[in-house]
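Naming convention: chains lettered A, B, ... in sequence-line order (proteins, then strands); numbering from 1 in each chain. Keep in mind that the numbers below use all heavy atoms, side chains included, and drop hydrogens, waters and symmetry copies.
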Amino acid sequence: MPKRPKKLWLMKSEPSTYSIEDLARDRQEPWEGVRNYQARNYMREMSKGDLIIFYHSSTTPPGAAGVARVSCEAYPDPTQFDEKSPYFDPKSKKEDPRWSLVDVEFVEKFAQLIPLQTLKDDPALKGMLVTQKGSRLSVQPVEQKHFQRVLKMAGATTKLA
DNA sequence: GCCAACGTTGGC
DNA sequence: GCCAACGTTGGC
(Lines give C-alpha, C1' and ligand atoms only; values in the text may rest on other atoms or scores of the structure.)
Protein backbone atom coordinates (compact mmCIF):
# COMPACT_ATOMS: atom_id res chain seq x y z
CA MET A 1 0.00 0.00 0.00
CA PRO A 2 1.46 3.32 -1.03
CA LYS A 3 1.59 5.86 1.75
CA ARG A 4 -0.26 9.03 1.03
CA PRO A 5 0.09 12.27 2.92
CA LYS A 6 -2.39 12.69 5.73
CA LYS A 7 -5.28 14.97 5.11
CA LEU A 8 -6.30 17.45 7.76
CA TRP A 9 -9.79 18.33 8.90
CA LEU A 10 -11.91 20.25 11.35
CA MET A 11 -15.06 18.75 12.82
CA LYS A 12 -17.62 20.64 14.87
CA SER A 13 -19.60 19.33 17.78
CA GLU A 14 -21.77 21.01 20.33
CA PRO A 15 -20.11 20.14 23.63
CA SER A 16 -23.53 19.73 25.25
CA THR A 17 -24.06 16.90 22.77
CA TYR A 18 -20.53 15.50 22.52
CA SER A 19 -17.37 17.21 23.78
CA ILE A 20 -13.63 16.60 23.62
CA GLU A 21 -13.91 15.44 27.24
CA ASP A 22 -16.44 12.84 26.15
CA LEU A 23 -14.07 11.64 23.46
CA ALA A 24 -11.19 11.54 25.97
CA ARG A 25 -13.32 9.25 28.10
CA ASP A 26 -14.66 7.07 25.26
CA ARG A 27 -11.33 7.02 23.34
CA GLN A 28 -13.23 6.39 20.11
CA GLU A 29 -16.63 7.35 18.74
CA PRO A 30 -18.62 6.93 15.52
CA TRP A 31 -19.32 10.42 14.19
CA GLU A 32 -23.05 9.90 13.78
CA GLY A 33 -25.69 12.22 12.48
CA VAL A 34 -24.02 14.27 9.75
CA ARG A 35 -26.88 15.09 7.38
CA ASN A 36 -25.26 17.51 5.01
CA TYR A 37 -23.97 16.29 1.65
CA GLN A 38 -20.84 18.38 1.56
CA ALA A 39 -19.85 17.29 5.05
CA ARG A 40 -20.63 13.69 4.13
CA ASN A 41 -18.50 13.91 1.02
CA TYR A 42 -15.55 15.14 3.04
CA MET A 43 -15.92 12.22 5.42
CA ARG A 44 -15.84 9.89 2.44
CA GLU A 45 -12.48 11.43 1.48
CA MET A 46 -11.00 10.66 4.87
CA SER A 47 -8.50 7.92 5.56
CA LYS A 48 -7.38 6.22 8.73
CA GLY A 49 -4.73 8.37 10.40
CA ASP A 50 -5.97 11.76 9.16
CA LEU A 51 -5.89 14.36 11.92
CA ILE A 52 -8.84 16.48 13.03
CA ILE A 53 -9.22 19.71 14.95
CA PHE A 54 -12.08 19.03 17.36
CA TYR A 55 -14.15 22.22 17.45
CA HIS A 56 -16.76 23.16 20.03
CA SER A 57 -19.70 25.00 18.46
CA SER A 58 -22.80 26.68 19.89
CA THR A 59 -21.10 27.33 23.20
CA THR A 60 -19.45 30.30 24.90
CA PRO A 61 -16.95 30.82 23.55
CA PRO A 62 -16.89 28.51 20.53
CA GLY A 63 -13.42 27.36 19.50
CA ALA A 64 -10.80 24.68 18.91
CA ALA A 65 -10.82 22.24 21.80
CA GLY A 66 -8.37 19.52 20.84
CA VAL A 67 -7.15 17.01 18.31
CA ALA A 68 -8.66 13.74 17.14
CA ARG A 69 -7.75 11.19 14.50
CA VAL A 70 -9.75 9.33 11.88
CA SER A 71 -9.66 5.67 12.86
CA CYS A 72 -11.35 4.00 9.89
CA GLU A 73 -12.62 4.60 6.38
CA ALA A 74 -16.16 5.91 5.89
CA TYR A 75 -19.01 3.42 6.23
CA PRO A 76 -22.82 3.74 6.29
CA ASP A 77 -24.18 5.61 9.32
CA PRO A 78 -26.43 3.04 11.05
CA THR A 79 -28.63 5.73 12.61
CA GLN A 80 -30.13 6.56 9.19
CA PHE A 81 -31.99 3.22 9.31
CA ASP A 82 -33.03 3.44 12.96
CA GLU A 83 -36.59 4.71 13.21
CA LYS A 84 -36.05 5.62 16.83
CA SER A 85 -32.99 7.73 16.12
CA PRO A 86 -33.27 11.49 15.69
CA TYR A 87 -31.03 10.94 12.67
CA PHE A 88 -33.43 8.49 11.00
CA ASP A 89 -33.80 9.15 7.27
CA PRO A 90 -36.84 7.41 5.75
CA LYS A 91 -35.59 8.15 2.24
CA SER A 92 -32.32 6.29 2.66
CA LYS A 93 -32.22 2.77 1.21
CA LYS A 94 -30.28 -0.11 2.75
CA GLU A 95 -28.90 -1.08 -0.66
CA ASP A 96 -27.86 2.52 -1.32
CA PRO A 97 -27.15 4.26 1.98
CA ARG A 98 -27.32 8.01 1.75
CA TRP A 99 -25.23 8.90 4.82
CA SER A 100 -21.74 7.89 5.85
CA LEU A 101 -19.60 8.38 8.91
CA VAL A 102 -16.10 7.72 10.16
CA ASP A 103 -14.93 6.67 13.59
CA VAL A 104 -12.87 9.25 15.42
CA GLU A 105 -10.34 8.59 18.17
CA PHE A 106 -9.04 10.85 20.88
CA VAL A 107 -5.56 12.34 20.46
CA GLU A 108 -5.26 15.39 22.68
CA LYS A 109 -7.29 17.97 24.56
CA PHE A 110 -5.81 21.46 24.40
CA ALA A 111 -4.72 22.93 27.75
CA GLN A 112 -7.02 25.80 26.90
CA LEU A 113 -9.70 26.18 24.28
CA ILE A 114 -8.65 28.49 21.45
CA PRO A 115 -11.65 30.77 21.01
CA LEU A 116 -13.02 31.40 17.54
CA GLN A 117 -12.30 35.10 18.01
CA THR A 118 -8.62 34.32 18.63
CA LEU A 119 -8.53 32.25 15.45
CA LYS A 120 -10.18 35.11 13.55
CA ASP A 121 -7.72 37.65 14.94
CA ASP A 122 -4.64 35.70 13.83
CA PRO A 123 -3.39 36.86 10.43
CA ALA A 124 -1.70 33.48 9.92
CA LEU A 125 -5.14 31.86 9.84
CA LYS A 126 -6.52 34.12 7.14
CA GLY A 127 -8.54 31.97 4.76
CA MET A 128 -9.19 29.17 7.22
CA LEU A 129 -12.79 28.14 6.59
CA VAL A 130 -13.97 28.14 10.18
CA THR A 131 -12.94 31.80 10.62
CA GLN A 132 -15.08 32.89 7.72
CA LYS A 133 -18.42 34.49 8.29
CA GLY A 134 -21.40 32.22 7.89
CA SER A 135 -19.33 29.05 7.70
CA ARG A 136 -21.81 26.41 8.81
CA LEU A 137 -20.10 23.36 7.41
CA SER A 138 -19.59 20.86 10.25
CA VAL A 139 -16.83 18.92 8.51
CA GLN A 140 -14.18 20.97 6.73
CA PRO A 141 -10.76 20.44 5.21
CA VAL A 142 -7.92 22.39 6.84
CA GLU A 143 -4.71 23.47 5.14
CA GLN A 144 -1.50 22.17 6.68
CA LYS A 145 -0.19 25.65 7.50
CA HIS A 146 -3.41 26.47 9.33
CA PHE A 147 -3.48 23.19 11.23
CA GLN A 148 0.14 23.66 12.21
CA ARG A 149 -0.57 27.18 13.40
CA VAL A 150 -3.52 26.10 15.58
CA LEU A 151 -1.34 23.40 17.17
CA LYS A 152 1.28 26.02 17.92
CA MET A 153 -1.24 28.48 19.40
CA ALA A 154 -2.56 25.71 21.63
CA GLY A 155 0.90 24.60 22.74
CA ALA A 156 -0.16 21.17 21.55
CA THR A 157 2.01 18.08 21.84
CA THR A 158 0.61 16.62 18.62
CA LYS A 159 3.02 16.87 15.70
CA LEU A 160 2.21 16.64 12.04
CA ALA A 161 4.06 13.77 10.39
C1' DG B 1 -33.66 34.83 21.56
C1' DC B 2 -32.34 36.84 17.22
C1' DC B 3 -31.10 36.45 12.78
C1' DA B 4 -27.78 35.77 8.75
C1' DA B 5 -26.39 32.34 5.83
C1' DC B 6 -27.33 28.59 3.61
C1' DG B 7 -29.25 23.89 2.35
C1' DT B 8 -33.40 21.34 1.16
C1' DT B 9 -38.02 20.61 -0.49
C1' DG B 10 -41.74 20.80 -3.40
C1' DG B 11 -45.11 23.24 -6.42
C1' DC B 12 -45.29 24.73 -10.86
C1' DG C 1 -35.27 23.91 -13.91
C1' DC C 2 -36.80 27.84 -11.14
C1' DC C 3 -37.60 29.74 -6.91
C1' DA C 4 -40.40 30.59 -2.67
C1' DA C 5 -41.02 28.63 1.62
C1' DC C 6 -39.13 26.41 5.13
C1' DG C 7 -35.64 24.29 8.22
C1' DT C 8 -31.08 24.23 10.33
C1' DT C 9 -26.66 25.91 11.88
C1' DG C 10 -24.26 28.53 14.80
C1' DG C 11 -22.34 33.11 16.14
C1' DC C 12 -23.63 36.80 18.81
Would you mind reading off the distance between A:Lys120 atom NZ and C:dG11 atom C1', rounded to a whole angstrom? 7 Å
Each nucleotide of nucleotides 1-10 of chain C classed B (base within 4.0 Å of a protein heavy atom), S (only sugar-phosphate) or -, in 5' to 3' order, makes ------BBBB
For A:Thr79 and A:Arg35, test the side chains for any donor-to-acceptor distance below 3.5 angstrom and give the result as yes or no. yes
Rounded distance (nearest 0.5 Å) linking atom CD of A:Gln140 with atom NZ of A:Lys12: 5.0 Å
Mind listing the closest non-hydrogen atom pair of A:Lys109 and A:Ile20 along with its distance? CG-CG2, 3.9 Å
Please work out which of the three classes, parallel, tilted or perpendicular, describes the rings of A:Tyr18 and A:Phe54, given edges at 30° and 60°. tilted
Sequence neighbours left out, what passes ring pair (Phe, Tyr, Trp, His ring centres under 6.0 Å) with A:Tyr37? Give chain and number order. A:Trp99
